[in-house]
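Structure record follows, encoded as structure tokens.
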Amino acid sequence: MTDDAMLIIDPKAQIIRHASPQAMDLIGPTLRTEDTPLGDVFLNEGNDLGAFLAGALSVTDPLLSGVTLAPDKRTLSAKGSRLSLDDGSALVLLLLEAEPELSSRFRLLADKIEELRAEVIRRVAAEKGQTEYIDSLHRSVSVIKQLAELDVSSGDYLDMTAAVISSSFQSHGTAVIAENLGKLRVLAATGVFADIFPNQPTLGLSLTEFTGFSEAQADRWKELLVSHMQHAGADHVSFANALVMPLPVGGKVRGALICLMANDGQGRTNVRLESDLISEAIGGLMARAEIEAQLMHAQKLHAIGQLTGGIAHDFNNILAVVLGNAELLLYELDSIDMDVAREIREAAIRGATLTSRLLSFARKQPLQPVPTDFNRLLREFDPMIRRTIKENISLEIVSSAGLWISQVDRNQLENAVLNLAVNARDAMPSGGLLTIETANTRLDNEYAERHSEVRAGQYVMIAVSDTGEGMTPEVAREAFTPFFTTKEVGLGSGLGLSMVFGFVKQSLGHVKIYSEAGVGTTVRMYFPRDLTELENVDTGDATSHESMPPAMGHILLVEDDTGVLRYLTRSLELLGYTVDGVTTAEKAIELLQGQRFDLLLSDVILPGGKGGAELAKVAFELAPDMPVLLMSGYTENSIVHHGRLDVGVEFISKPFTREQIAKRLKGLLAR
Amino acid sequence: MTDALPQPLRTPAIQKDYFLRSILRELVGMLEQTVGEREAEAYVNHVGISMGRILNEDYRTAFGSDKLDARQVAATLVDLKARIDGGFSITEIDSDKIVLENTACPFGDKVVGRPSLCRMTANVFGHITAENLGYARVRIDKAIARGDPGCRVVIALSKADETSGPGESEFFVGTI
């Protein structure tokens with residue numbers, strides 16, 4: 001009949017008398033073919049539908065309006081026309097359209113325009129955001145570039161950092177806060193902060209308290225920091241628009257940057273991005289400054305070590321002559337005043353101890369590392385320590401169970417512990433507690449990155465702690481420097497900790513001082529764990545106390561220092577040996593080619609092409625059974641590799657006493 | 001501050017009435033272009049019926065009568081147009097018809113080219129007449145909107161023998 005969606009409505013009865021199939025498709029199952037109540041199909045809010053149908057019924061011209069379907073609230077376009085019946089009554093013919101085509105197009109167009117408008121707004125906003133992002137990056141890069149150009153070795157690099165940040169953020173007050181001796185301190189300040197904090201005050205807040213908050217609690221640590229800033233003098237400063245950013249150094253928060261902004265970063269939508277980038281850059285700068293400072297310190301110590309080693313070498317030769325001649329005097333001239341000669345010898349021995357420590361610091365002391373159980377060594381060494389400290393000091397040795405083994409020179413380790421014990425004793429004049437403890441530990445990559453010369457790995461730790469006066473940061477920084485001492489003149493050589501430092505470093509370990517004035521000091525020594533299989537760990541030194549040997553034998557003595565050569569020749573002859581003395585390796589080789597010797601005793605460093613080590617090799621070829629003993633006041637790579645003697649090389653340090661050389665010779669000749 | 005603002009040399013034509021008529025002209029023009037003249041007329045029919053309903057109630061109240069007689073209806077049609085600046089007058093009135101002529105359209109010159117607006121007059125007149133006199137058949141013989149110098153509206157009060165012819169609209173009592 002029709003292709004239209006058509007309804008025939010009886011407005012008076014409020015019934016849809018007839019519905020075309022298209023109308024049923026359009027409206028859905030609520031509409032029946034015949035006699036569907038009008039209210040089931042259409043909404044009639046405010047009688048709009050009633051008025052429309054009444055209007056349509058009242059005129060022969062069609063009326064157009066919109067109607068709303070009851071089930072799903074869809075709006076349809078409706079054209080109502082009066083349908084006059086033969087009996088004089090009338091119905092309304094309603095033609096429905098889902099949407100008039102043009103209206104539909106216009107609506108779609110309007111929707112599209114609205115979408116486009118929204119898209120344009122979105123894109124404009126995105127472009128604006130991108131521009132701001134790029135601006136932020138430019139600003140950040142500019143700041144980072146300026147920071148990178150700062151000389152971190154200068155003492156005021158943090159002041160310059162604060163100035164750069166202040167300028168970039170147009171801040172009227174910037175403060176750099178970082179850890180110093182466990183407490184946070186205002187290390188640099190500009191603007192209003194410069195007036196309030198001229199002397200780098202501490203904030204009474206430890207780093208642990210400060211960093212104890214999780215990332216989710218970032219606001220709380222900011223509040224805590226601000227409250228301590230206010231307490232420290234900034235109570236009249238408004239922190240309302242303060243930008244507070246953490247400073248990560250080496251991956252850990254070590255401080256903060258506070259920037260007082262003119263407004264709340266208004267106009268800078270990427271303040272967070274900028275502050276993150278810049279705080280990372282400042283953290284990197286601080287890390288670089290720390291490493292450079294450590295490196296400079298290490299270089300300084302290295303330079304001093306070089307100097308010390310050189311002095312010690314010459315000094316040892318002098319001492320050797322003094323010592324040797326004093327002994328000869330004692331031996332040969334019973335009639336003269338023996339006290340004088342004894343004093344010469346005592347002085348020489350003190351000098352030898354001094355150079356030994358210097359060599360330790362210079363990392364040129366020949367070490368004889370052996371697998372060592374630190375706990376056992378400490379047990380056996382315990383009486384010596386107790387004799388060293390005073391009665392008013394309690395000693396506590398805390399031995400960690402299952403302690404790893406480390407390869408160390410036991411004598412030097414004992415010396416190091418003893419040195420630390422003496423320092424601890426002197427730091428506790430009124431008594432206290434001396435604790436020596438051992439533990440297995442691991443120095444991780446992060447720690448190694450922050451400390452030059454440290455390799456990450458497993459270490460055996462031995463720590464010596466006291467409850468004494470502690471050190472100021474300045475003292476702690478210089479503690480390993482040779483001849484630096486806080487003791488009264490004559491009470492300390494200033495070489496104790498230097499020896500410890502040199503020994504530990506030469507043993508491929510690490511040493512660290514933790515000290516706080518008024519609380520105490522802990523010195524921790526870390527030695528690399530020995531991972532080789534240990535068959536026989538023995539701490540015993542097996543010191544022999546045999547009496548002087550009745551010596552016999554022919555010794556070839558090689559020594560370039562004629563003073564040392566003369567006294568040694570005499571000393572050895574007095575011991576009963578026959579001695580041929582020469583000053584160069586070449587002369588010694590000539591003699592070795594012509595006759596047989598029972599032992600070759602040679603200095604390590606000799607003039608000419610060959611040194612002691614080369615001479616020993618030649619001697620081994622010429623006389624394989626002849627023992628060789630090398631001696632030196634100074635050891636170099638010719639016999640010492642990384643501070644350890646080559647396997648099979650016998651060595652004695654100069655200066656030595658007659659008894660010491662006699663024992664070594666006897667032992668070698670007896671083989 | 002206001003004193004400092006510049007004043008136009010001549011008073012512009014824009015007034016509230018002028019402004020509203022201009023809007024109406026633009027809206028109807030848009031409607032005719034969008035849905036076509038016939039469909040636009042159907043929309044205006046609906047609006048005209050609605051307006052007729054409102055005005056009828058007003059004039060019944062004004063006359064103090066539930067139903068107006070023919071003369072009251074004629075007076076109503078002239079008066080309501082006069083009130084909105086129309087120039088309608090009765091040229092004929094009898095039991096069969098009321099004939100009105102107009103010299104000034106309430107929409108002014110804005111009606112020219114907008115013939116669908118004539119449906120407003122036809123529906124208002126037809127609805128008021130039918131509601132009071134039981135039936136109306138309206139025919140617009142001349143229209144300013146179509147370019148005629150004036151309008152001529154004939155309202156027949158009795159049914160024709162046959163269905164209404166072209167240009168004629170029949171109105172019935174619309175109360176449901």
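Order of the sequence lines sets the chain letters (A, B, ...), proteins ahead of strands, with each chain counted from 1. Only a predicted model underlies this, so the values are computations on that prediction, with no experimental measurement involved.
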Look up atom NE2 in B/H46 and atom CG in A/D61, then write down how far apart they are to the nearest 0.5 Å. 13.5 Å

For B/R38, is it the side chain, the backbone, both, or neither that has a heavy atom closer than 4.5 Å to a heavy atom of chain A? neither

Hey, what do you get for CD (B/E170) to OG (A/S58), rounding to the nearest 0.5 Å? 11.5 Å

Kindly check if the number of other-residue, nucleotide or ligand heavy atoms within 6.0 Å of CG (A/N47) is above 12? yes

So do A/V59 and B/N45 actually touch side chain to side chain, heavy atoms under 4.5 Å? no

Answer yes or no: does atom CZ of A/R123 have more than 12 heavy-atom neighbours from other residues, nucleotides or ligands under 6.0 Å? no

Using every non-hydrogen atom in the two residues, find where A/A51 and B/R53 come nearest and quote the distance to one decimal. O-NH2, 3.2 Å

Checking heavy-atom separations under 4.5 Å from chain B, one finds in residues 64-73 of chain A A/L64, A/S65

Could you tell me whether B/E39 and A/K79 have a side-chain N and a carboxylate O separated by less than 4.0 Å? yes

Short side-chain to backbone donor-acceptor contact, A/R82 and B/F172, under 3.5 Å: no

Under 6.0 Å from the CG atom of A/D87, do we count more than 12 heavy atoms belonging to anything else shown? yes

